[in-house]
Every structure is written in C-alpha cells, then in structure tokens.
2 protein chains.
Amino acid sequence: MSFDLDELDEVSQTLKLLGDKTRLTMMKLLEKQECCVCELVEIFKTSQPAVSQHLRKLKDAGLVKENRKGQWIFYSANPDSMQHELIQNLIAFVPSQDHELEELDKKGLRISCD
Amino acid sequence: MSFDLDELDEVSQTLKLLGDKTRLTMMKLLEKQECCVCELVEIFKTSQPAVSQHLRKLKDAGLVKENRKGQWIFYSANPDSMQHELIQNLIAFVPSQDHELEELDKKGLRISCD
DNA sequence: TGATTATATAAGCTTATGCTTATATAATGA
DNA sequence: TCATTATATAAGCATAAGCTTATATAATCA
C-alpha cells in the first residue's frame, strides 16, 4: 500500500543523502548547532559551490533549514523533519565533529552575529 | 585522526549501501530471517543477477553472511558486523516486510530445508 | 554422465552523482 | 552608487551505480 511505499522511499532517500561522507558530517555538525556556508567551506576544505550543492540537497529533503543573518545564511538541522528521529539515531554513530569547530575558533574564522 | 576517519567511512558506506530501496528492504527481511536468492528474486520481482549483485555488495561490506544448503544459498544479517547495531537502529524505521514473506508462503514459493 | 536448477560473474548501457569553472543574485559598507 | 563579500545556480565532465543479457560455476537428480 502506498503509505508503506512512501515511508520506505523517505527512509531510503534519507540514507542515500547521508551515505555521502560530507553530508553525513554536515548533519552531525548542524544537528549540534547552526553554521553558515563559509564556515562549512573552511571545515570541509572544498569549494563554495560544492558546499552549497550539498546543502541544497539536504534542504530539498527538508533535513536542514536556513536562517539568514545579514549577508550570511546559517543552516541547521530541521527538528520538524519527519526524518529527524532517524537522523538523530544514526548520527549517534558518527564520530564527534567538535574538533572541527574548535579549529575554526582557533583560526578566528567563526562567524558570530550575536 | 585515522580512527575517526575510518569510523566515519564505515558509517557512510553503510548508509550508502542501505540508501537503495532494494537493499534496505533486503536487510529488513534478512535481519528477521534468512532467505535464499530465488526467494528474493520473487519478492523483489527483479532479475536473478540483480539480486545477486545487491547481495554481493552487502556481503562485501560484511553486512550479511551466506549459508549454503544444498543447491540453495541462504543469506541473513551478519550479527558479527561492526555495523550491526547501526543497522538494527535504522531498520526499525523501515516498514515491516512480513507481508512479503506471507505472500511467498501463499504462493508455495517458500524454500524450506528443515 | 547428462540434464536441470540455483547462483555468480562479466560486459555493456543508461542514469545519477559530485566536482569544477563560470556566472548570477543578494547584502553590506565606503 | 560602486566595490566587496556571501551565497546560489548553471553547465560540463568524470566516475559510480543499477539494470540487462549472456555465460560460467555448482549442486542435484534421473
């Protein structure tokens, strides 16, 4: 029946999205706190378009939400996503990324709008 | 450090493998009980090589194990996999596939070697 | 042993994915 | 208003993934 099919589709789509190392790490980070694109570019040491494209996929799936603050757009995990519980469950198996944020702080690259 | 990298690789690889609807459903089934290839062909209504290739990927990752019984090879979830706990967690979000096995029974296509 | 059934592997094709470069849009500040 | 900074989008390319068909291997049985 279509209900089950949809649920299966949703779960497999979520796993497919998080089956990418960059996006999986992103979700681990964004589950803990919001980050702007330029912070993620620094953390993942990749290009800005690459980061934007990953975020776009996560956002299209409803897994993250955005929050503009002036010239920056901050992304964070979307707690209203139907997949949120699944995501919280599985990122518990992902190594902590706290060191990445500490690195940013050390380099003075942390964006703060408070 | 390399320990964390490896763990991240393992989790993302597992999610990537289960980010396919067929393999995700297979794991849900094989977590509950072993099935042979021809049963899975019937359940997924796809070709035998397609099923074999999915099983090969799951086996290469250590997620399932095989058990030959005469001309049949039965596959089941590998409880010794380092990813087993993660898998059990996430397949809890996958709709039950019990009806598929009941269908097989009804059609008399269930293989039994007991 | 030869035929049959179950499974695996290989090759080829099509589509999906992730990256890059180039360019567009949006907000800020001199 | 113009230059700068942040982000998004588009196009193009290389690689990966899943399916199909054809063929190989393995076990069973007459």
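Each chain gets a letter, A, B and so on, in the order its sequence line appears, and its residues count up from 1.
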Enquirer: Working to the nearest 0.5 angstrom, can you tell me the gap between Lys69(A) NZ and Phe74(A) CZ?
Expert: 5.0 Å

Enquirer: Are Lys65(B) and Asp80(B) close enough for a salt bridge, meaning some N to O gap below 4.0 Å?
Expert: no

Enquirer: Polar atoms only, N or O, under 3.5 Å: list the protein pairs with nucleotides 7-14 of chain C and their distances.
Expert:
| residue | atom | partner | partner atom | Å |
| --- | --- | --- | --- | --- |
| dT7(C) | OP1 | Val37(B) | N | 3.4 |
| dT7(C) | OP1 | Ile73(B) | N | 3.1 |
| dT7(C) | OP2 | Cys38(B) | N | 2.8 |
| dA8(C) | OP1 | Tyr75(B) | OH | 2.4 |
| dA8(C) | OP2 | Ser52(B) | OG | 2.7 |
| dA8(C) | N7 | Gln48(B) | NE2 | 2.7 |
| dA8(C) | N6 | Gln48(B) | OE1 | 3.3 |
| dT9(C) | OP2 | Arg56(B) | NH1 | 3.4 |
| dA10(C) | N6 | Gln53(B) | NE2 | 3.2 |

Enquirer: Over how many whole Å does the gap from Lys69(B) atom NZ to dT28(D) atom P extend?
Expert: 14 Å

Enquirer: Mind checking Lys57(B) for me? I need base, sugar-phosphate or nothing, with any heavy atom below 4.0 Å counting as a touch.
Expert: sugar-phosphate

Enquirer: For the CD1 atom of Ile73(B) and the CZ atom of Arg68(B), what is their distance to the nearest 0.5 Å?
Expert: 4.0 Å

Enquirer: Is Lys16(A) touching bases, backbone alone, or none of the nucleic acid, heavy atoms closer than 4.0 Å?
Expert: sugar-phosphate

Enquirer: Quick one: list whatever passes side-chain contact (heavy atoms from CB on, under 4.5 Å) with Thr22(B), sequence neighbours left out.
Expert: Asp20(B), Met26(B), Phe44(B), His54(B)

Enquirer: Could you check how far CG of Leu58(A) sits from C1' of dT17(C), rounded to whole Å?
Expert: 14 Å

Enquirer: Take the protein atom CG of Leu17(B) and the nucleotide atom C1' of dA16(D), then report the distance between them rounded to whole Å.
Expert: 13 Å

Enquirer: Other residues, nucleotides and ligands only: do more than 12 of their heavy atoms fall within 6.0 Å of CD on Gln88(B)?
Expert: yes

Enquirer: Between Lys106(A) and Glu103(A), does at least one N-O distance fall below 4.0 Å, as a salt bridge requires?
Expert: yes

